There are 2 protein chains.
Amino acid sequence: MRISARADYAVRAALELAAAGDDTSLKAEAIAEAQGIPHKFLEGILGDLRRGGLVVSQRGGKGGYRLARPADSIPIADVIRVADGPLVSVRGVRPPDLSYIGPAESLLPLWIAVRANVRKILGEVTLADVAAAKLPDDVLSLADDPEAWTNP
Amino acid sequence: MRISARADYAVRAALELAAAGDDTSLKAEAIAEAQGIPHKFLEGILGDLRRGGLVVSQRGGKGGYRLARPADSIPIADVIRVADGPLVSVRGVRPPDLSYIGPAESLLPLWIAVRANVRKILGEVTLADVAAAKLPDDVLSLADDPEAWTNP
DNA sequence: TGTTTCCCTACCAATTCACTAGGATTCCCG
DNA sequence: CGGGAATCCTAGTGAATTGGTAGGGAAACA
């Protein structure tokens, strides 16, 4: 299960906007530099966020991007979906569209459970939470377990 | 977050072996047909499972593959790791190897929490559980929520 | 010895990924 | 009403990954 560069970049760009405040706007170039993201690549991602209604843009001298809604009303899951498609997919199709036979039949509810558990986190945590470094308690308790940081 | 065809195929093949019993061996061709997986592609995957120590093989007339350990001692996570690498990665690197700056700093614990939540399921559920269609209660309760089956 | 099966290397087409180029368009400001 | 500064759009590109094929060599068993 891999999270693509697009998704990662999109979230980080949105976090910069969240940190800047709902009414200040940032230029793509400034975000790119702050987060070490290739500028033109980021422009494409910001275009997706705009078309997805998460961000509004302004051209010209005092232009830039800002969040379309308050940062505490935008869950991380929304950013990832808009920039990169479905949160979780198996072979490119979403879990409910799969079908398995024989001893693999229970694989479907298993993938559903995995997706539900991913959603529980990414759907609950908002841009404001991460930007302010104030993750919800249940997420923190997951991340605080030293076991969770070990490799295999 | 996508689960690759390799990972999906690997788990389904392992489930066929689990259903066949720890001492019966199945030919690659039989597994391929039962699960609708391209035969030669599957051979490569079974080779990975063998090198990963999850499966043992036997050549010749009465040959085939069988599980190297009892099915109830092999979590799904192991199969995916052996066939497809790390369970969860961001831009191809594992969460603990990432580093973020500025308002994105709390992204790291967030990815860790996501990974922990995925592990909690795939590390707990074994091949035997899925093959017998008897998922653990906590997983079932996640999959039973109708909300978990809706699309976005 | 011959059949059956795994095993190995190599290859392939298509897609995706991550990124770049260059210009058109729109906006504010002086 | 220009002119610079930004976004916006289309297109392209090299490398890697994905998903799959082909063909033959090596071992086990009858």
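All values below come from the heavy atoms of this structure, side chains included, with hydrogens, waters and symmetry mates left out. Every chain is numbered from 1, with letters handed out A, B, ... down the list of sequences. Small disclaimer: the values here were computed from a predicted structure and weren't measured.
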Close N or O pairs between protein and nucleotides 27-30 of chain D (under 3.5 Å):
from, atom 1, to, atom 2, distance (Å)
dA28(D), O3', Gln58(B), NE2, 3.2
dC29(D), OP1, Gln58(B), NE2, 2.9

Presence of Tyr65(A) side-chain N/O under 4.0 Å of dC8(D) phosphate oxygens OP1/OP2: yes
For Asn151(B), all residues meeting side-chain contact (heavy atoms from CB on, under 4.5 Å), sequence neighbours excluded: Arg94(A), Pro96(A), Arg115(A)
Sequence-distant partners of Lys40(A), salt bridge (charged side-chain N to carboxylate O under 4.0 Å, His left out), two or more places apart: Glu43(A)
Side chains of Ile112(B) and Leu142(A) in contact at under 4.5 Å (non-hydrogen atoms): no
Sequence-distant partners of Ser4(A), side-chain contact (heavy atoms from CB on, under 4.5 Å), two or more places apart: Arg6(A), Ala7(A), Asp84(A)
Pair listing, ring-ring contact (aromatic ring centres under 6.0 Å, His included) test, anchored in residues 12-33 of chain B, at least two apart: none
Nearest-nucleotide comparison on DNA chain C, the residue closer to the 5′ end among Ala5(A) and Ser57(B): Ser57(B)
Donor-acceptor contacts, no H, no angles, side chain residues 52-79 of chain A, under 3.5 Å, sequence neighbours left out:
from, atom 1, to, atom 2, distance (Å)
Arg69(A), NH1, Ser73(A), O, 3.0
Ser73(A), OG, Pro70(A), O, 2.8

Distance in Å, Ser89(A) OG paired with Ile3(B) CD1, rounded so as to fall on 0.5 Å steps: 7.5 Å
Contact list for residues 141-150 of chain A, test side chain to side chain donor-acceptor pair (under 3.5 Å), sequence neighbours left out: none
Heavy-atom contact window of chain B on DNA chain C, given 5' to 3' at under 4.0 Å: dT4(C) to dC8(C)
DNA chain C-proximal residues of residues 25-52 of chain A, any heavy atom under 4.0 Å: Pro38(A), Lys40(A), Phe41(A)
Value rounded to 0.5 Å, distance of CG in Leu127(A) from CD in Glu16(A): 11.5 Å
Residue list, side-chain contact (heavy atoms from CB on, under 4.5 Å) with Asp8(B), at least two apart or on another chain: Val90(A), Arg91(A), Tyr100(A), Leu107(A), Trp111(A), Arg12(B)
Main-chain N/O of Val114(B) paired with Asn117(B) side-chain donor or acceptor, under 3.5 Å: no
Sorted by number, the residues of residues 80-89 of chain B with heavy-atom contact under 4.0 Å to DNA chain C: none
Backbone N/O of Ile101(B) and side chain of Gln35(A): donor-acceptor pair under 3.5 Å: yes
ring-ring contact (aromatic ring centres under 6.0 Å, His included): pairs with one or both residues in residues 38-61 of chain B, sequence neighbours excluded: Tyr9(B)-Phe41(B)
